[in-house]
Amino acid sequence: MKAPGQRFGTVVLTGATSGIGEATAHRLAAICETLVVLGPEPEEGVRRVLTQIRGAGPAEVHYVGADFTRLSDVVEAARSIRSLVSTIDLLINNAGVPGAAQRIVTMDGFERTLQVNALAPALLTRLLVPSLVDGARIVNVGSSAHRLERFHFDDIDLEHSYSPVAAYARAKLAMVTWSSLLAEELRPMPVGVVALCPGLNDTPLSAAMTGRIGGPPARGAARVLRAAVADVRSGSYLEDDHVVSPSADATDPSNRKQLTVLYWDRLLRFAAAGRER
């Protein structure tokens with residue numbers, strides 16, 4: 001476990017081109033050797049952001065564009081990351097979108113909020129696990145909003161009961177639940193998994209759902225980085241930098257089994273494609 005102030009080797013950070021992710025990238029550029037940042041935009045569209053990140057510290061910064069509404073993009077992103085770096089010390093799954101005003105179904109056939117906020121991070125992580133070093137940590141950015149909703153496996157894509165808040169909260173419920181499931185799966189490995197709520201921050205995502213309220217993105221970034229080094233048990237969930245229990249739905253054994261089946265059903269073919277070549 002690293003103590004605060006220590007440097008990282010190689011860090012992979014998703015959702016790095018705006019909001020909490022961008023603020024986190026600025027901090028990481030000063031404390032890691034190699035930083036691979038992901039965003040949905042083509043590189044030419046975020047050159048200013050990348051220049052600012054590179055100017056924030058001595059880290060070697062690489063950019064990988066990946067549209068998480070296309071799971072094939074996630075597969076290609078994992079391949080690109082593996083071609084850029086041989087090992088990973090820290091993986092931060094921060095990418096996320098708010099619930100859209102109207103329900104959107106991706107080209108893969110899944111509700112967009114669930115895919116971007118939950119399925120895509122799980123697929124990327126699955127494909128990068130072989131690159132994790134001993135002592136590596138996976139940090140999953142969830143939300144206390146997961147407490148607002150319950151699982152509805154009979155309508156997981158919200159075909160019959162869509163609302164932006166429900167879409168976001170259910171996606172974060174899946175993320176938080178998956179995070180602890182991943183910790184159980186990786187327990188034989190010397191790899192830690194932590195999920196957290198970064199709090200309410202004034203970011204493009206939160207503005208789309210709640211308006212311009214909350215603290216600066218740097219505050220959320222600080223919480224993400226504290227989760228990266230916190231001396232906590234793998235599988236922990238943090239709110240306000242403290243370990244707390246997630247919602248009852250996230251710990252319910254039946255829900256956990258059903259979510260595991262859902263992830264395997266939806267991601268197995270993409271994971272298999274990512275292991276080819």
Side-chain angles (χ1 to χ4, degrees), residues 8 10-29 32 34-43 45-46 49-50 53 59 61-85 87-98 106 108 110 112-129 131-132 136-143 168 171-172 174-176 178-179 182 191 193-198 201 203-206 217 220-221 223-225 227-228 263 267 270-271 274:
F8 293 97
T10 297
V11 181
V12 175
L13 168 66
T14 71
T17 55
S18 66
I20 292 172
E22 183 180 353
T24 303
H26 279 257
R27 296 274 298 270
L28 285 169
C32 70
T34 303
L35 176 60
V36 182
V37 293
L38 282 73
E41 308 91 345
E43 185 166 357
V46 288
V49 172
L50 294 176
I53 293 171
V61 178
H62 301 279
Y63 180 71
V64 175
D67 180 355
F68 278 15
T69 67
R70 298 171 178 263
L71 292 178
S72 59
D73 262 30
V74 178
V75 173
E76 290 304 317
R79 287 178 178 146
S80 296
I81 293 166
R82 294 197 303 264
S83 71
L84 289 168
V85 298
T87 58
I88 298 170
D89 298 275
L90 173 63
L91 168 60
I92 303 176
N93 287 307
N94 166 74
V97 293
T106 69
D108 300 308
F110 311 136
R112 186 195 69 154
T113 325
L114 177 67
Q115 176 163 324
V116 174
N117 295 2
L119 297 176
L123 175 60
L124 182 69
T125 301
R126 173 75 52 191
L127 295 173
L128 294 182
V129 162
S131 298
L132 297 175
R137 175 163 285 188
I138 301 166
V139 175
N140 298 314
V141 180
S143 173
Y168 183 78
K172 287 302 184 179
M175 160 67 94
V176 169
W178 163 74
S179 187
L182 179 67
V191 172
V193 183
V194 176
L196 78 145
C197 172
N201 298 264
T203 66
L205 188 154
S206 63
R223 284 182 168 163
V224 171
L225 292 178
Y263 272 45
L267 299 179
F270 294 100

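Just so it is clear, the values below take in all heavy atoms, side chains as well, and ignore hydrogens, waters and symmetry mates.
Separation of atoms CZ (Arg70) and CD (Glu76) is listed at 12.5 Å; rounding is to 0.5 Å. Going from atom CG of Leu13 over to atom CD of Glu22 covers 10.5 Å, rounded to the nearest 0.5 Å. Between atom CZ of residue Arg137 and atom CZ of residue Phe8 there is a gap of 8.5 Å, rounded to the nearest 0.5 Å. Interatomic distance, OG1 of Thr10 versus CG of Leu84, reported as 10.0 Å (0.5 Å rounding).
Shown are Ile88, Val12, Val193; of these, the side chain to side chain contact (heavy atoms under 4.5 Å, CB included) with Ile138 is made only by Val193.
When all heavy atoms are compared, the tightest approach of Leu35 to Ala25 is CD2-O, 3.7 Å. In plain terms, the two heavy atoms of Leu267 and Ala122 that are nearest each other are CD1-CB, 3.9 Å. The nearest pair of heavy atoms linking Gly142 to Pro198 is O-CD, 3.4 Å. Val37 and Ala16 make their closest contact through CB-CB, 3.5 Å (heavy atoms, listed as atom of the first residue, atom of the second, distance). The shortest heavy-atom contact between Val97 and Tyr168 is O-CD1, 3.5 Å. Here the closest non-hydrogen pair linking Arg27 and Leu225 is CB-CD1, 3.4 Å.
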>> Applying side-chain contact (heavy atoms from CB on, under 4.5 Å) to Leu38 and Val36, what does each step give before you reach the verdict?
In response: CA-CA 7 Å; Leu38 282 73; Val36 182; 4.1 Å; yes
> side-chain contact (heavy atoms from CB on, under 4.5 Å) between Val224 and Ile20: does it pass, once the steps are laid out?
Replying inline: CA-CA 9 Å; Val224 171; Ile20 292 172; 4.1 Å; yes
>> Could you walk me through whether Leu132 and Leu128 satisfy the side-chain contact (heavy atoms from CB on, under 4.5 Å) test, starting with their C-alpha distance in whole Å, then the side-chain angles of each, then the deciding distance to 0.1 Å, before giving a yes or no?
In response: CA-CA 7 Å; Leu132 297 175; Leu128 294 182; 5.6 Å; no
> Step by step, would you call Val11 with Leu91 a side-chain contact (heavy atoms from CB on, under 4.5 Å)?
Replying inline: CA-CA 6 Å; Val11 181; Leu91 168 60; over 6 Å; no
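A donor-acceptor pair is defined here as one N or O able to donate and one able to accept, closer than 3.5 Å; no such pair exists between the side chain of Asp89 and the backbone of Ala136. A donor-acceptor pair under 3.5 Å is formed between the side chain of Arg82 and the backbone N or O of Leu127. Within the 3.5 Å criterion, the main-chain N or O of Val141 finds no donor-acceptor partner in the side chain of Asn94. Put simply, the side chain of Arg79 never gets that close to the backbone of Val74: no donor and acceptor are under 3.5 Å apart. A donor-acceptor pair is defined here as one N or O able to donate and one able to accept, closer than 3.5 Å; no such pair exists between the side chain of Ser143 and the backbone of Cys197. Asp67 contributes a side-chain N or O that, together with a main-chain N or O of Thr69, makes up a donor-acceptor pair within less than 3.5 Å. Of the possible donor and acceptor atoms, none in the side chain of Lys172 sits under 3.5 Å from a partner among the backbone N and O of Asn117.
In this structure, the side chains of Phe110 and Leu119 come closer than 4.5 Å at one or more pairs of heavy atoms. At a threshold of 4.5 Å between non-hydrogen side-chain atoms, the residues Arg223 and Leu196 count as touching.
Residues meeting the side-chain hydrogen bond (donor to acceptor under 3.5 Å, both in side chains) test with Ser179, sequence neighbours left out: Asn140. Listed by chain and number, the residues in a side-chain contact (heavy atoms from CB on, under 4.5 Å) with Glu41 are Thr17, Val46, Tyr63 (sequence neighbours excluded). Under the rule for a side-chain hydrogen bond (donor to acceptor under 3.5 Å, both in side chains), Thr34 has no partner lying at least two apart in sequence or in another chain. Remark: Ser131 engages no residue in a side-chain hydrogen bond (donor to acceptor under 3.5 Å, both in side chains) (not counting sequence neighbours). Residues forming a side-chain contact (heavy atoms from CB on, under 4.5 Å) with Ala174 (at least two apart in sequence, or on another chain): Leu114, Ala118, Phe151, Leu259, Tyr263. Residues passing the side-chain hydrogen bond (donor to acceptor under 3.5 Å, both in side chains) test with His26: none are found, sequence neighbours excluded.
There is a side-chain donor-acceptor pair under 3.5 Å between Asn93 and Thr125.
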